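Scroll down for the structure; my scribbles are underneath it.
Counting starts at 1 for both ligands and their atoms, following the listed order. Keep in mind that what you see is a predicted model, and the values were worked out from it rather than measured.
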Amino acid sequence: MRHKHSDYMHWAKTQSIARFNLATSGVAAFPLRELPVDLNQLEINGDNSYGYAPLQTAIAKRYGVDPECVVESAGTSMANHLAMAAVIEPGDEVLIEHPAYGPILDVAYYLGANVKRFWRTEDSGWVVDPAEVRNSVTPKTRLIVITNLHNPTSVLTPNSILREIGDIARSIGALVLVDEVYLDAVYEETPRTSFHLGPQFVVTSSLTKVYGVSGLRCGWILARPDLAWQMRRLNDLYSATAVYPGELLGVIAFQHLNLLRERARRIVEADRRLLNDFLKHERKLSVVCTEWGTTSFVRLSRNRGSKADDFLEHLRSEFDTSAVPGRFFEMPEHFRIGMGVNTGIFAEGLNRISRALAYPTALKT
Ligand SMILES: Cc1ncc(COP(=O)(O)O)c(C=O)c1O
């Protein structure tokens with residue numbers, strides 16, 4: 001039986017809800033009423049067979065690429081799926097970072113890939129180490145997969161390192177898939193998309209995590225024209241055509257991206273200040289702090305001998321607070337905290353984590 005589900009996605013949809021929900025990864029929802037939009041501009045049907053040209057142009061302009069290289073998709077989820085499905089044959093080797101965002105692994109398994117891993121270690125600050133990647137590829141590696149910013153840790157991989165990964169990929173005829181859904185959460189000196197690093201780069205992203213308009217499902221792939229065309233043809237087997245009113249709203253969102261981004265930025269930055277202060281004083285947790293990003297990956301201190309699952313169970317049942325268990329990233333001693341939704345809720349959630357950590361029975365294994 002092929003792998004046909006995502007445990008993480010199922011958990012996120014059914015188990016993450018709590019009054020103090022820190023199990024998020026994206027910023028607060030941006031309300032339609034705050035978007036300068038004339039609803040009379042909306043239409044239900046229109047010309048969008050292989051993409052809605054104004055949306056493709058808006059994406060292309062924003063990232064400095066040719067519209068031919070832009071493939072629309074339903075969120076980064078479908079972008080990752082399409083990108084992998086277009087280039088992987090069953091049995092192909094795919095090298096994926098560890099820890100990884102679960103659904104990326106799930107898609108690779110679903111496609112019958114021979115999944116190999118390269119390690120990003122906490123001791124090294126979760127960085128992508130090109131030597132580790134070089135040692136892990138083989139002549140059969142077809143694709144190397146990285147998230148940037150990294151989910152769950154939010155660590156930024158600079159383009160200089162990605163260029164080295166690109167060189168490794170080119171030397172064996174492989175491609176590099178970089179999921180950049182969190183990259184625009186680098187609010188100062190935002191790096192250029194890695195798509196520009198060479199034809200072996202395929203980039204996925206969307207407006208869901210950093211811009212607060214997840215409901216639009218406005219996602220895309222950047223790929224060289226021949227691959228982009230294959231992906232569009234493959235999408236004929238999935239969603240065929242996109243939701244036209246969603247594409248119209250996507251164009252409007254692109255016209256106001258800074259408004260969306262800055263609104264979220266204020267919340268993310270307020271939450272980060274609270275988080276840094278909390279982590280400075282909380283001795284029972286350790287973390288690699290990052291300057292940017294909407295998530296933080298914390299570890300329960302080893303001498304408590306605890307699994308995060310037990311702690312999070314207690315946190316939810318006794319303190320009505322949730323965070324994402326590290327087991328979804330194959331790191332059972334960790335958990336992920338999300339910023340950028342509501343600073344009052346976030347502050348109280350952190351307070352409740354502290355109280356739960358102080359509660360001795362919570363940390364029994
Ligand atoms: C790394 C990564 N890629 C993709 C997604 C899915 O994004 P979207 O909502 O655009 O489908 C997520 C969501 O958490 C993510 O963390």
Please state which protein non-hydrogen atom is closest to [atom] and give its distance, to 0.1 Å?
{"atom": "atom 5 (C) of ligand 1", "value": "Tyr101 OH, 3.5 Å"}
{"atom": "atom 6 (C) of ligand 1", "value": "Ser77 OG, 3.3 Å"}
{"atom": "atom 2 (C) of ligand 1", "value": "Asp179 OD2, 3.3 Å"}

Lys209 to ligand 1, any heavy atom closer than 4.0 Å: yes

Ser25 near ligand 1 by a heavy-atom separation under 4.0 Å: yes

Validation row: Ile144, Val133 side chains within 4.5 angstrom (heavy atoms): yes

Passing option when Leu249 is tested against Leu32, Val213, Leu55 for side-chain contact (heavy atoms from CB on, under 4.5 Å): Leu32

Check this for me: does any side-chain nitrogen of one of [X] and [Y] sit under 4.0 Å from a carboxylate oxygen of the other?
{"X": "Arg273", "Y": "Asp271", "answer": "no"}
{"X": "Glu122", "Y": "Arg299", "answer": "yes"}
{"X": "Glu132", "Y": "Arg120", "answer": "no"}
{"X": "Arg117", "Y": "Glu330", "answer": "yes"}

By number and element, which atoms of ligand 1 are closer than 4.0 Å to a non-hydrogen atom of [X]?
{"X": "Tyr182", "value": "1 (C), 13 (C), 14 (O), 15 (C), 16 (O)"}
{"X": "Thr147", "value": "1 (C)"}
{"X": "Thr208", "value": "7 (O), 8 (P), 9 (O), 10 (O)"}
{"X": "Gly75", "value": "10 (O), 11 (O)"}
{"X": "Ser206", "value": "10 (O)"}

Where Arg192 and Leu183 come nearest, the two heavy atoms and their spacing: O-CD2, 4.5 Å

Part of Met78 with heavy atoms under 4.0 Å of ligand 1, whether side chain, backbone, both or neither: neither

Geometric class of the Tyr8/Phe329 ring pair [parallel <30°, tilted 30-60°, perpendicular >60°]: tilted

Selection from Asn148, Thr76, Thr204 by shortest heavy-atom distance to atom 10 (O) of ligand 1: Thr76

